[in-house]
Enquirer: 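So that we are looking at the same thing, I have put the structure below in structure tokens.
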Amino acid sequence: MTAFNLLSEPIRKYIRNKKWESLRPIQEASIQRIISTDNNYILISRTASGKTEAAFLPILSKVNFKVPGVKVLYISPLIALINDQFFRVESLCEYLDVPVIKWHGEASKAAKDRLLKSPEGIVLITPESIEAMFVNKPYNIRHLFSGLEYVVIDEIHSFLGSDRGTHLQSLLSRLQKINVKKFSIVGLSATVSDANQYTELKEFLGDSEHTKVIRDTTPKPINAVFKYFPGSVEELPLPLLKDLYIRTRESKVLIFPNARGRVEEVAVKLKQISEKIGGHKNYFSHHSSVDKEVREYVEFFAKNSALQNFCISCTSTLELGIDIGNVDEVVQIDATHSIASLIQRVGRSGRREGKASNLLLYATEPWSLLQSLACWMLYKEQYIEPVSINKKPYDIMVHQLLSTVKSSSVISLPELVEEITRNSAFSEISMEETEEIIHYLTAIDFFEKLGNELIIGIHGEEVVNTKEFYSLFDAPVFFKVSSSGVKIGELPLSPQIRENENIYLSAKIWSIKDIDYQTKKIEVIPAKDGKKPKFFGDAADTAHQIREKMLEILISKEQYDFLDDVAQQIIILLRSEFSSFIINDCKKKRPLLNHNEKITFYSFTSSKINRTIELILDSLNIENRLDPQKSAFEIEDCTLEELKTVLSRPDIGQNIDEVLTDLLESRPEIIDFSKWGKYLPVTYQIKLLKEKYFDLKGCYAYLKDLEITENNF
DNA sequence: GACCTGCTGCGGGTTG
């Protein structure tokens with residue numbers, strides 16, 4: 001064990017006391033590299049393979065904690081993950097006498113104050129808390145973090161390709177700027193399988209040249225079973241629930257039904273079945289609208305129930321690395337919208353060494369079965385959909401401009417431009433563009449010129465001085481639900497929320513007794529029967545590659561032995577519907593069904609490209625209706641020839657800027673997909689729409705190659 | 001019909 005000998009004595013003592021027989025492969029590799037170089041590293045290996053230790057064992061051996069100042073900063077996307085990792089990191093640090101401090105919105109203020117008095121050790125933090133410190137206590141940032149040696153970013157894939165990621169990238173760049181010597185970064189992830197993503201990840205860390213990837217590809221056996229039960233969106237079919245109950249009653253299970261309302265439906269109904277039969281009572285629901293303390297209890301129960309079985313119905317809240325102990329089986333109801341998500345969910349089961357993961361996939365609708373199958377095939381091919389990085393994040397720049405001015409006591413226009421354009425998050429935005437945006441922000445009183453200096457203007461103060469400023473995403477308004485002082489969760493106001501209406505929440509049934517519109521509170525009492533709650537929102541986007549795989553499955557003749565008989569029949573049926581099309585190239589050819597009055601065009605492409613095609617058709621006044629699940633357009637009053645002409649002209653969007661200008665005028669709320677985009681000049685809002693809401697580039701590339709294939713009757 | 005994530009400072013009250 002050569003890597004072992006490279007570790008410092010206290011760390012070796014830790015490993016001996018833990019009675020580890022050996023180091024994991026990812027740990028062996030990372031110890032040698034991290035200790036001997038100052039490169040950035042991205043550690044990729046599956047869930048529960050010891051990644052956290054792979055980063056911390058060598059870092060703790062290498063860093064000199066005797067020098068004052070915080071030496072290691074651990075950044076996590078979730079508070080829950082910080083609380084979880086705190087115990088792990090702290091137990092390691094006991095051997096070194098290095099303090100570990102949690103710094104997030106719910107962390108102890110006293111501990112934060114102690115850290116400010118004597119900055120040292122390791123800090124666990126969220127990106128938003130770093131932002132808040134930059135804005136409110138810029139001197140503390142320097143005081144605490146100017147001597148950082150290592151930054152560890154957990155679940156790094158969850159940041160990549162998102163606004164929150166660009167935000168973090170900017171914060172890292174700003175931290176690096178105030179640092180006396182350059183700190184190194186170690187990113188951790190289980191969800192990177194495509195080597196194309198390495199480039200994006202390296203750029204994300206701001207220094208591609210000195211960033212290396214260490215990856216453990218040891219495969220993990222997975223048993224997958226697909227089952228089909230016809231159902232409706234309104235309610236899950238009873239036979240499915242019964243089958244699900246029988247399959248899971250003697251296990252520790254996580255169920256992912258994709259939507260919060262359905263999560264509640266599954267939890268309540270399985271619990272009802274279990275009560276009737278006299279099975280265990282440990283049925284829970286876990287999603288963003290379940291009260292935080294209830295969620296923590298559920299996590300605690302799962303982690304500490306070695307002997308008892310349980311069943312947690314959940315959304316992506318249990319997708320990331322929160323430790324909930326051993327899970328025997330993962331159930332997915334209807335298709336995941338991404339392969340990345342499927343990987344994370346599969347990773348939650350069989351965490352014990354050498355134990356296989358079990359995956360049970362239910363479908364209630366033919367196209368959902370097809371999508372589920374497509375995701376599974378791509379997963380087996382070790383493929384993950386590419387992330388789309390916004391190279392010109394003007395909206396995040398607005399936010400970071402405000403933050404930078406607020407955190408500088410004195411800053412001139414050229415200094416601000418210089419600081420922003422040197423930030424790696426905005427490297428592709430030109431100096432002219434930056435200046436234009438600053439001038440605009442000055443014109444709308446977000447900034448004010450005082451001689452040569454820029455300060456926050458009157459309207460700027462209004463947005464900067466609220467707690468909503470620190471994040472890049474908007475939160476919807478919810479009503480807090482409680483029963484006799486016990487908090488249960490929260491619900492959005494909808495026609496469903498009326499007195500005496502009964503709803504599911506937190507795996508229980510409630511009757512609404514009082515709604516207080518002033519304080520936004522709902523009082524409930526326990527009830528016997530009810531309905532699933534309705535939440536509003538957009539479905540997550542589906543990638544082009546998944547849709548293409550769906551078409552590939554449709555035209556192939558391959559048999560899949562992991563499908564049950566009904567599911568096999570459904571695939572045969574879908575295939576027969578498409579048997580009249582001659583498709584020999586799934587990259588270019590797309591089927592078009594001509595039924596005299598109207599035509600159906602199966603685009604088999606991403607949600608964003610579909611949204612763009614919809615925009616083009618709308619702008620040409622061609623009546624169309626998009627079925628997002630089938631990725632199909634029903635088009636009326638348009639001949640096939642006309643449609644072909646429209647879609648075969650990649651120059652179709654020459655006047656797209658005018659179309660988007662009109663759109664912004666008639667539906668200004670369309671820009672709300674971006675929290676900060678609404679403060680940009682219209683020309684930049686258009687650029688943002690093209691890049692982030694629609695996918696103009698992708699759409700043109702798709703249409704350029706598109707060959708429409710009609711059915712032969 | 002449709003996921004998720006985070007959050008300051010200050011002043012006043014209560015509790016140990």
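These values consider heavy atoms only, across backbone and side chains, with no hydrogens, waters or symmetry-generated copies. Chain naming here is simple, since letters A, B, ... match the order of the sequence lines and numbering starts at 1 in each.
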Enquirer: Considering only B:dT5, B:dA2, B:dG6, which nucleotide approaches the side chain of A:Arg295 most closely?
Expert: B:dT5
Enquirer: So what does A:Ala540 touch, heavy atoms closer than 4.0 Å: a base, only the sugar-phosphate, or nothing?
Expert: base
Enquirer: Do we see a donor-acceptor contact under 3.5 Å between the side chains of A:His157 and A:Gln344?
Expert: yes
Enquirer: Look at the rings of A:Phe310 and A:Phe301 and say which category their plane angle falls in: under 30° parallel, 30 to 60° tilted, over 60° perpendicular.
Expert: perpendicular
Enquirer: I want to verify a distance call: between B:dC7, B:dG1, B:dG6, whose nearest atom is closest to the A:Lys675 side chain?
Expert: B:dG6
Enquirer: Atom CD of A:Gln332 and atom P of B:dA2: how far apart are they, to the nearest Å?
Expert: 15 Å
Enquirer: When we call it a touch if two heavy atoms are under 4.0 Å apart, what does A:Ser129 touch: a base, just sugar-phosphate, or nothing?
Expert: sugar-phosphate
Enquirer: Between A:Asp334 and A:Arg262, is the closest basic N to carboxylate O distance under 4.0 Å?
Expert: yes
Enquirer: Tell me which nucleotide among B:dT8, B:dG1, B:dG6 gets nearest to the side chain of A:Tyr470.
Expert: B:dT8
Enquirer: Among A:Leu188, A:Val186, A:Leu172, which residue satisfies the side chain to side chain contact (heavy atoms under 4.5 Å, CB included) criterion with A:Ile153?
Expert: A:Leu172
Enquirer: Give A:Phe535 one of three labels, base, sugar-phosphate or nothing, depending on what nucleic acid heavy atoms sit under 4.0 Å from its own.
Expert: sugar-phosphate
Enquirer: For a quick test of reading the model: is some side-chain N or O of A:Arg260 closer than 4.0 Å to OP1 or OP2 of B:dA2?
Expert: no
Enquirer: Under 4.0 Å, heavy atoms only, any strand: does A:Glu319 hit a base, just the sugar-phosphate, or nothing?
Expert: nothing
Enquirer: With heavy atoms under 4.0 Å as the rule, sort A:Ile79 into base, sugar-phosphate or nothing.
Expert: sugar-phosphate
Enquirer: Within the 4.0 Å heavy-atom criterion, would you say A:Asn465 contacts the bases, only the backbone, or no part of the nucleic acid?
Expert: nothing
